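Note that the structure is a prediction, hence the values are computed from the model and not measured. When reading the values below, keep in mind they use all heavy atoms of this one structure, side chains included, and skip hydrogens, waters and symmetry mates.
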Amino acid sequence: MGFVGGFFIKQQAHEFKTFEKFGMARWTVIIIGFIQTVVVQLISWVIGVLVALIFQKFFGMLLLYLMGVKFGFAFLFTSNTFNLLLQIGIYSTLVFSIMNSFRVNRLLKNKKNRQKSLRLYLRIPSGILGILFFVSGLLVTVIFLGDIKGSQADKVLWELVFLMMAYLFGTYLIYFGFLPSLLTILQHIKRIAYTGINVFSFKYFKERLIRNTSILWFITELSSLALVLLSICYLGYQTIYNNYDYAHPFELTANQYTVKDIKKDLKENGSKITREYKTKVKMTVVQRSSNDQIIPGTFMSYSDYKKLPKSNISRNPKIGKKDFLILDYGYSVPGYVSNQSKEAVVKVKNADTIKSNKIGSAFPYGSTMYQGLMIIAPDSYYNDLDASVENTFYGWFFKNGDKLTKKQYEKLDSQEYTKGVSIKKADNLDETKLSAIDGSSNNTGTIFMDSSYSRQKSAKIQVDQITGFGIFIVALFSVALLIALGSVLTLRLLLRDDSEWKQLKTLNKIGVNKSEIKEIVKKETVYTFVIPIVFAVMQSYIVIALFGSFPQMDMLVPFILINLGYVALYGIIGFVTYLISWRSVNQKLN
């Protein structure tokens, strides 16, 4: 609203000056500008409230739909809401109207010569300083990428502060000094300036750039902010969703202790099973060589592992029939950090030591189903293994959900952590004993309790609600902000003052035909939209450094797609702006 009000005031600059020349007091002209702004602002707020009333239910229903909440969204507009909107409208109108009063006063003061000499004096050194700031920001971004991976918090904080300052001041100084100076140089190079209509394009755009420096800088920085927010929110969504997949790869998972009750409930409910999996596992005692920690080891044969859904094992490294795969937290699951070596050496009770560099974190039946390590072993090793405890895991996918009732779910919930294993340590690993236990009995030794089942539905509801709310907020804020900023550029290009119209008319009178003037309008539109895009995308690259701290979180492709979407959105707005602008220019020329 502040920029739009400023556009209208600048559009009426000659009108206000004429009023003063006719003898009208300056304070009277200022009051006229104040009243005009008040009227425009109040009309805008009335229209805005009407649009809010119309779309209130639509956006409320959209939010509930994205969150997966089945709840009727009632139309509600209370007196408190109306009073709040009225207060915001009045206060903002007063603030922006007072701002425009100062703008009118500034327009009535003649400082053109002083401003011109000041810009000529500062433009070139300011441009050079801006380039140095911006390039140093790009270099520090690369250093920032390395430091954030190394968890050097002190350096990262200072580097982040420097990046913000370098990009903010560097971009502004480039707009203020470097680009106008570059266009001036190109304007005086004969081979370039006198090729076609470039001399007019350079001069015309240079004058527009000098007048619009603050607006282009403002749009660049907010566009960069919107791109960063879009990318970070996508990272958050992907992190939540990946962690959810690791914990709940099946819609419903059980072991040998709960499978009987679950199958009975599924049969009673008429649940339509689309796929069902069953895998036998062996459990024994293992010891990590890195820290000598003795924990349970759950073994699965290579053949059974390869029979599982590809989606459950695709995040793990590929292995052959004779390879071992150690599954443990801390290596590739987003949200977990580990300083452990990528080479695993695991000692197994009464069996050969496992030496492997194949380490993953995607647990085939979900991370809650067992404690300790999961080890995928060659079939021969698995068959010869002397297991202390055996178990069987079951996994199901359904056509329309598992259809478990609340009562059935509560019954299963009471059995969730009732079974597990106990480790009684001895002087050496081979004499250490592992045994199955019941949670209700008095147990000795180190206790590891496993979940007896895992259900997707409750976790899926939470994930849907979190991601749905995030998508809604990001779409409203970031996408709407990009559209609004594009609209500001459109408005800025369309509100040409009288002197610029006269320039185009003069060019037409001295022999420049309409096709050449159309080319001038097109180039100005292209420059005005492309320059903020380029600098905003370069600044938003800093998010790649942030993503670098997450293991196996490749955000380069999503980052490119988000930026391409931004470019496409501004491209559409720019094309429409060009069509409207040329139509308006053509009408003036006729």
Of Tyr365, Phe299, Phe393, the residue whose pairing with Tyr370 passes ring pair (Phe, Tyr, Trp, His ring centres under 6.0 Å): Phe393
If you define the side chain from C-beta out and look only at heavy atoms, does anything of Val421 sit under 4.5 Å from Met449? no
Report yes or no: does Ser301 contribute a side-chain atom to a donor-acceptor pair with the main-chain N or O of Asp304 at less than 3.5 Å? yes
Take a 6.0 Å sphere around NZ of Lys433 and say whether it holds more than 12 heavy atoms from other residues, nucleotides or ligands. no
To the nearest 0.5 angstrom, please state how far the CD1 atom of Ile319 sits from the NZ atom of Lys321. 12.0 Å
Would you give the length of the straight line joining atom OG1 of Thr220 to atom CG of Leu225, rounded to the nearest 0.5 angstrom? 12.5 Å
Show the numbers, then the answer: is there a side chain to side chain donor-acceptor pair (under 3.5 Å) between Ser540 and Tyr566? CA-CA 12 Å; Ser540 65; Tyr566 160 69; over 6 Å; no
Looking at Tyr381 and Ala351, what are the two nearest heavy atoms and their distance? OH-CB, 3.4 Å
Is the side chain of Asp413 donor-acceptor paired with the backbone N or O of Glu410 at a distance under 3.5 Å, no angle test? no
Taking all atoms of both residues into account, what is the closest heavy-atom pair of Pro249 and Pro364, and its distance? CG-O, 3.3 Å
Side chains of Asp261 and Gln408, donor plus acceptor under 3.5 Å: no
I'd like to know whether Ser388 forms a side chain to side chain contact (heavy atoms under 4.5 Å, CB included) with Met283, so could you lay out the CA-CA distance, the side-chain angles of the two residues, the decisive distance to 0.1 Å, and finally the verdict. CA-CA 6 Å; Ser388 304; Met283 300 183 69; over 6 Å; no
The single option from Thr253, Leu404, Asn255, Leu412 that satisfies side chain to side chain contact (heavy atoms under 4.5 Å, CB included) with Ile262 is Leu412
Is it the case that Asn316 and Tyr305 place a side-chain donor and acceptor less than 3.5 Å from each other? yes
Would you please indicate yes or no on a ring centroid separation below 6.0 angstrom for Phe250 and Phe397? yes
Where Val389 and Ala436 come nearest, the two heavy atoms and their spacing: CG2-N, 3.6 Å
Any side-chain to backbone donor/acceptor pair from Gln287 onto Asp292? Under 3.5 Å, distance only. yes
Does the ring of Phe398 carry Lys272 above it, NZ/CZ under 6.0 angstrom from centre and within 45° of its axis? no
For a side chain to side chain contact (heavy atoms under 4.5 Å, CB included) check, start with the C-alpha distance between Met374 and Met300, then their side-chain angles and the critical distance, and finish with the verdict. CA-CA 8 Å; Met374 162 65 75; Met300 182 183 295; 4.1 Å; yes
Without swapping roles, check the side chain of Thr274 against the backbone of Lys399 for a donor-acceptor pair under 3.5 Å. no
Taking the side chain as everything from C-beta on, heavy atoms only, tell me whether Pro296 gets closer than 4.5 Å to Leu434. yes
Donor + acceptor pair across side chains of Gln539, Glu221 (<3.5 Å): yes
Which residue is it: Ile295, Thr432, Asn350? I am looking for the one with a side chain to side chain contact (heavy atoms under 4.5 Å, CB included) to Val285. Thr432
Thinking salt bridges, do Asp402 and Arg455 make one under a 4.0 Å N-O criterion? yes
Ser79 OG to Leu86 CG distance, which is reported to the nearest 0.5 Å: 12.0 Å
Any residue meeting side-chain hydrogen bond (donor to acceptor under 3.5 Å, both in side chains) with Glu276, in chain and number order, not counting sequence neighbours: Trp396
Contacts of Lys306 that satisfy salt bridge (Lys or Arg N to Asp or Glu O under 4.0 Å) - sequence neighbours left out: none
Exactly one of Val286, Val346, Val345, Ile376 should register a side chain to side chain contact (heavy atoms under 4.5 Å, CB included) with Ile326. Which one does? Val346
When rounded to the nearest 0.5 Å, the distance separating CG of Leu325 from NZ of Lys358 is 8.5 Å
If you measure from OH on Tyr417 to OG on Ser452, what distance do you get to the nearest 0.5 Å? 9.0 Å
What's the shortest heavy-atom distance between Gly137 and Ala166, and which atoms? CA-CB, 4.1 Å
Please lay out, stage by stage, how Met369 and Phe363 fare under the test side chain to side chain contact (heavy atoms under 4.5 Å, CB included). CA-CA 9 Å; Met369 293 300 293; Phe363 293 86; over 6 Å; no
Are any of the side-chain heavy atoms of Asn312 and Tyr277 separated by less than 4.5 Å? no
Using a strict cut-off of less than 4.0 Å between a Lys/Arg side-chain nitrogen and an Asp/Glu carboxylate oxygen, indicate whether Lys403 and Asp265 qualify as a salt bridge. no
Okay, side chain of Ser92, backbone of Gly89: is any donor-acceptor separation there less than 3.5 Å? yes
When you check the side-chain N and O atoms of Asp379 and Ser303, is any donor under 3.5 Å from an acceptor? yes
Are the side chains of Tyr257 and Thr418 in contact, using a 4.5 Å heavy-atom criterion? no
Residue pair Ser380 / Asn383, side-chain donor-acceptor N/O under 3.5 Å: no
Would you say the side-chain atoms of Asn563 pair up with the backbone N or O of Val537, donor to acceptor, closer than 3.5 Å? no
Under a 4.0 Å N-O cut-off, is there an ion pair linking Asp450 with Lys419? no
For residues Leu327 and Thr298, determine if any side-chain heavy atom of one lies less than 4.5 Å from a side-chain heavy atom of the other. no
Can you tell me how far CG of Leu308 sits from NZ of Lys278, rounded to the nearest 0.5 angstrom? 14.0 Å
After noting the C-alpha distance and the side-chain angles of Tyr394 and Leu252, does the key distance pass the side chain to side chain contact (heavy atoms under 4.5 Å, CB included) rule? CA-CA 8 Å; Tyr394 300 83; Leu252 183 63; over 6 Å; no
I'd like to check Thr392 versus Val259 (side-chain heavy atoms, cut-off strictly below 4.5 Å). Are they in contact? no
Check: Ile219 and Tyr570 side chains under 4.5 Å, non-hydrogen atoms: yes
Is the number of heavy atoms from other residues, nucleotides or ligands within 6.0 Å of NZ (Lys349) greater than 12? yes
